Amino acid sequence: MDPTPERLLRLDWALPFLAGSVEQLRALHPDENLAAAPSSITRPSELGLVEAASAIHAGELTPSELVADCAARIAATEPALSAFARTAVEAARERADRLDGRRPTGPLHGIPYAAKDLIDTAGLATEYGSPVHAGRVPAEDAEVVRALDAAGGVLLGKTHTHQIAYGVATPQTRNPWDTTKMASGSSGGSAVALAARQVPAALGTDTGGSLRLPSAFCGTTAIKPTYGLVPGGGVRTLSWSYDVTGPMARDARDALLLLRVLTGQVQGDPRAVLGELPALHGARIGVPDEEFLALAQPEVVAALYGVGGVLADLGAQLVPVTPPPTSLTSSVSTVVVFKEAADLFGEHVRRGECFDEDIQSFLEAGLLTTVEDYLLAQRARRAVVGAYTQLLREVDAVLLPTSPITDLPHGTVAVNDLPLVPVLTPYTFPASCTGLPAVAFPCGFTSHGMPIGAQLLGPAFAETALVGVVHAYQSATDWHRAAPVLN
């Protein structure tokens with residue numbers, strides 16, 4: 001496809017971004033607020049996933065009571081937040097009423113949840129946040145939706161996403177901690193719904209940080225699972241070698257319960273997940289050097305070191321480490337994602353079906369990516385995987401910031417003339433590039449009262465071990481319990 005002058009004018013910021021990534025790869029040899037004090041829970045929508053599920057199993061709460069309170073919370077807060085692209089409140093009420101009279105069997109019996117508008121739901125529109133796909137109503141549920149429904153889950157609605165999930169903002173949605181601030185993305189609607197106590201559980205997807213970044217901005221928890229662990233059928237792909245679907249919740253044990261359901265590893269009593277978490281004592285936690293952390297704001301670095309201090313007090317061993325440079329993982333990821341996304345969505349571009357300007361630029365730049373550059377990126381990717389494999393023989397997990405900055409105005413599209421993707425993703429791309437799991441969790445607040453997030457990256461299929469560390473941290477701290485004040 002030959003670029004016209006008009007197209008190149010639109011690409012004037014996307015092409016340098018892509019070209020810089022290719023140049024980085026060629027230069028590197030690929031084979032070498034102040035938090036509100038936690039208050040006592042006064043209404044069902046304030047319960048976390050495990051708490052709510054346990055209350056239902058114990059007969060202390062009914063599905064219809066929980067769904068009704070979550071629906072009331074949505075009605076009260078949605079005008080300010082716009083977390084949902086569309087709701088399914090009436091269908092949820094009907095399902096909850098049917099579940100009221102049954103003995104709980106599945107671990108999510110009567111638990112309301114939200115699903116990102118990238119995940120197919122039979123009879124309920126799934127439009128990928130894009131006018132290009134407006135009016136699309138799937139005939140079948142995605143595999144992950146079937147898993148949650150079989151466990152007793154109750155779908156309350158579809159949450160907003162950055163258009164086709166190609167970005168790290170969710171333009172439709174506002175941060176509940178301060179509605180003048182961005183929620184990040186692309187799973188921003190799901191993170192906002194959790195933080196605002198609209199639902200106790202949600203589903204999102206992650207290409208280069210889309211589960212983890214909004215969790216950091218909104219003060220929630222998410223698991224980016226090992227690549228391939230969670231079934232992807234019925235979830236719209238952006239980059240087939242990066243994309244994963246994962247659980248989002250308010251704390252790590254809740255996210256693990258949801259992950260266990262998604263992967264068919266838990267049945268019956270939801271409290272069973274608690275007895276399986278490994279002990280933290282003796283765990284070797286890698287802490288990156290100052291050069292690796294140089295892109296993060298001082299408040300973020302201070303919060304990260306605070307996490308390390310708590311883990312050390314709990315018996316973990318902190319080990320200085322030097323991960324592969326963020327410039328390498330970012331360059332690899334840019335080239336691979338640009339190329340794969342363009343291959344998947346390029347036909348829309350060729351037919352003149354325009355996306356938003358930033359996405360259109362990414363897609364058109366991806367169409368200009370050569371096979372040779374894609375193969376170069378994949379060679380470099382193998383080197384990154386090898387380096388992290390070696391590093392994770394020396395430590396059990398690596399402690400990283402989630403985002404270098406978590407306090408940006410709503411509507412931000414660039415920082416210091418750089419688009420948001422390279423600004424926010426240097427610490428999320430490592431897990432995406434390698435396919436390794438990572439657990440993102442809140443660890444503090446900025447001086448302006450916005451959440452700060454950290455993440456633990458570990459070996460393939462080590463989600464339970466990572467959650468064990470994060471759960472120990474969350475048992476000793478209150479950051480994950482803080483809730484934004486909304487009318």
Side-chain angles (χ1 to χ4, degrees), residues 10-14 16-17 33 77-86 116-118 127-132 134 158-196 198 204-205 207-220 238 295-297 299-300 354-363 365 402-426 428 445-453 484-487:
R10 275 206 314 276
L11 298 180
D12 61 351
W13 65 279
F17 178 32
N33 126 32
T77 57
E78 264 302 275
L81 301 178
S82 189
F84 283 85
R86 63 200 61 87
K116 184 177 181 177
D117 192 29
L118 210 68
E127 301 176 336
Y128 316 144
S130 168
V132 173
K158 308 299 287 294
T159 51
H160 278 304
T161 175
H162 199 120
Q163 191 174 138
I164 64 170
Y166 206 170
V168 291
T170 308
Q172 313 92 320
T173 302
R174 293 180 178 269
N175 196 308
W177 290 94
D178 182 343
T179 55
T180 70
K181 300 296 178 70
M182 70 177 292
S184 192
S186 62
S187 304
S190 290
V192 169
L194 288 165
Q198 295 177 335
T205 67
T207 301
S210 291
L211 284 162
R212 293 162 284 157
L213 290 170
S215 296
F217 276 71
C218 296
T220 56
L238 178 68
L295 295 174
Q297 290 191 331
E299 287 181 310
V300 173
C354 292
F355 296 89
D356 288 347
E357 184 177 355
D358 58 338
I359 296 162
Q360 189 80 4
S361 298
F362 281 153
L363 291 173
T402 302
S403 174
I405 178 173
T406 57
D407 188 341
L408 290 170
H410 179 77
T412 297
V413 297
V415 176
N416 297 327
D417 296 325
L418 280 175
L420 278 180
V421 170
V423 171
L424 299 186
T425 56
T428 53
F445 287 84
T446 70
S447 58
H448 294 100
M450 300 306 292
I452 297 172
V485 177
L486 292 162
N487 295 329

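Predicted model only: the values in this text are computed from it and were never measured.
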- prompt: With sequence neighbours left out, what residues match Lys181 under side chain to side chain donor-acceptor pair (under 3.5 Å)?
  reply: Asp407
Show every donor-acceptor pair shorter than 3.5 Å between a side-chain atom in residues 208-218 and any protein atom, with sequence neighbours excluded, or say none if there are none.
| residue | atom | partner | partner atom | Å |
| --- | --- | --- | --- | --- |
| Ser210 | OG | Ser186 | N | 3.1 |
| Ser210 | OG | Ser186 | OG | 3.1 |
| Arg212 | NE | Asp206 | OD2 | 3.0 |
| Arg212 | NH1 | Thr428 | O | 3.0 |
| Arg212 | NH1 | Gln455 | OE1 | 3.1 |
| Arg212 | NH2 | Asp206 | OD1 | 3.1 |
| Arg212 | NH2 | Asp206 | OD2 | 3.4 |
| Arg212 | NH2 | Thr428 | O | 3.1 |
| Arg212 | NH2 | Ser432 | OG | 2.9 |
| Ser215 | OG | Leu211 | O | 2.8 |

query: Measuring from Leu408:CG to Met450:CE, what's the distance to the nearest 0.5 Å?
result: 9.0 Å
- prompt: Is Asp117 reaching over with its side chain to a backbone N or O of Lys158, donor-acceptor style, under 3.5 angstrom?
  reply: no
message: Could you check whether any side-chain N or O of Gln360 sits under 3.5 Å from a backbone N or O of Phe355, counting only pairs where one atom can act as donor and the other as acceptor?
response: yes
- prompt: Less than 4.5 Å apart, any side-chain heavy atom of Asp358 and any of His162?
  reply: yes
message: With salt bridge (Lys or Arg N to Asp or Glu O under 4.0 Å) as the rule and sequence neighbours excluded, what pairs involving residues 408-418 come up?
response: none
statement: Tightest non-hydrogen contact, residues Gln198 and Ala83, listed as OE1-CB, 3.5 Å
- prompt: Checking Thr173 side chain against Ser82 main chain: does a donor-acceptor pair fall under 3.5 Å?
  reply: yes
- prompt: With Leu295, which residues qualify under side-chain contact (heavy atoms from CB on, under 4.5 Å), at least two apart?
  reply: Thr326, Pro426, Tyr427
- request: Return yes if some donor-acceptor pair links the side-chain N/O of Asn175 with the main-chain N/O of Trp177 below 3.5 Å, else return no.
  value: yes
query: What closest approach, in Å, do Ala196 and Leu486 show between heavy atoms, and which atom pair accounts for it?
result: CB-CD1, 3.8 Å
message: Has Glu78 got a side-chain atom pairing as donor or acceptor with Phe84's backbone, closer than 3.5 angstrom?
response: yes
- prompt: What closest approach, in Å, do Thr159 and Ser190 show between heavy atoms, and which atom pair accounts for it?
  reply: OG1-OG, 2.8 Å
message: Which heavy atom of Ile164 sits nearest to which heavy atom of Ser130, and what is that distance?
response: CG2-CB, 4.2 Å
- prompt: Any salt bridge (Lys or Arg N to Asp or Glu O under 4.0 Å) pairs touching residues 163-176, not counting sequence neighbours?
  reply: none
field: Among Ile452, Val300, Val415, Leu424, side chain to side chain contact (heavy atoms under 4.5 Å, CB included) partner for Ile405
entry: Leu424
Nearest heavy-atom neighbours spanning Pro484 and Pro176: CB-O, 3.4 Å
- prompt: So, Ser187 and Lys116: side-chain donor and acceptor under 3.5 Å apart, yes or no?
  reply: yes
- request: Sequence neighbours left out, what passes side chain to side chain donor-acceptor pair (under 3.5 Å) with Thr425? Give chain and number order.
  value: none
message: Suppose we screen for salt bridge (Lys or Arg N to Asp or Glu O under 4.0 Å). Which residues come up paired with Glu127, at least two apart in sequence or across chains?
response: Arg86
task: Kindly indicate whether the side chain of Thr205, heavy atoms from C-beta on, has any atom under 4.5 Å from the side chain of Thr161.
output: no
Atom pair CG/CG of Leu238 and Leu118 - distance to nearest 0.5 Å: 8.0 Å
task: Please identify each residue that fulfils side-chain contact (heavy atoms from CB on, under 4.5 Å) with Val413, with sequence neighbours left out.
output: none
- prompt: Of the non-hydrogen atoms in Met182 and Val168, which two are nearest, and what is the gap between them?
  reply: CE-O, 3.7 Å
message: Please enumerate all residues that pass ring-ring contact (aromatic ring centres under 6.0 Å, His included) together with Tyr128, with sequence neighbours excluded.
response: His133
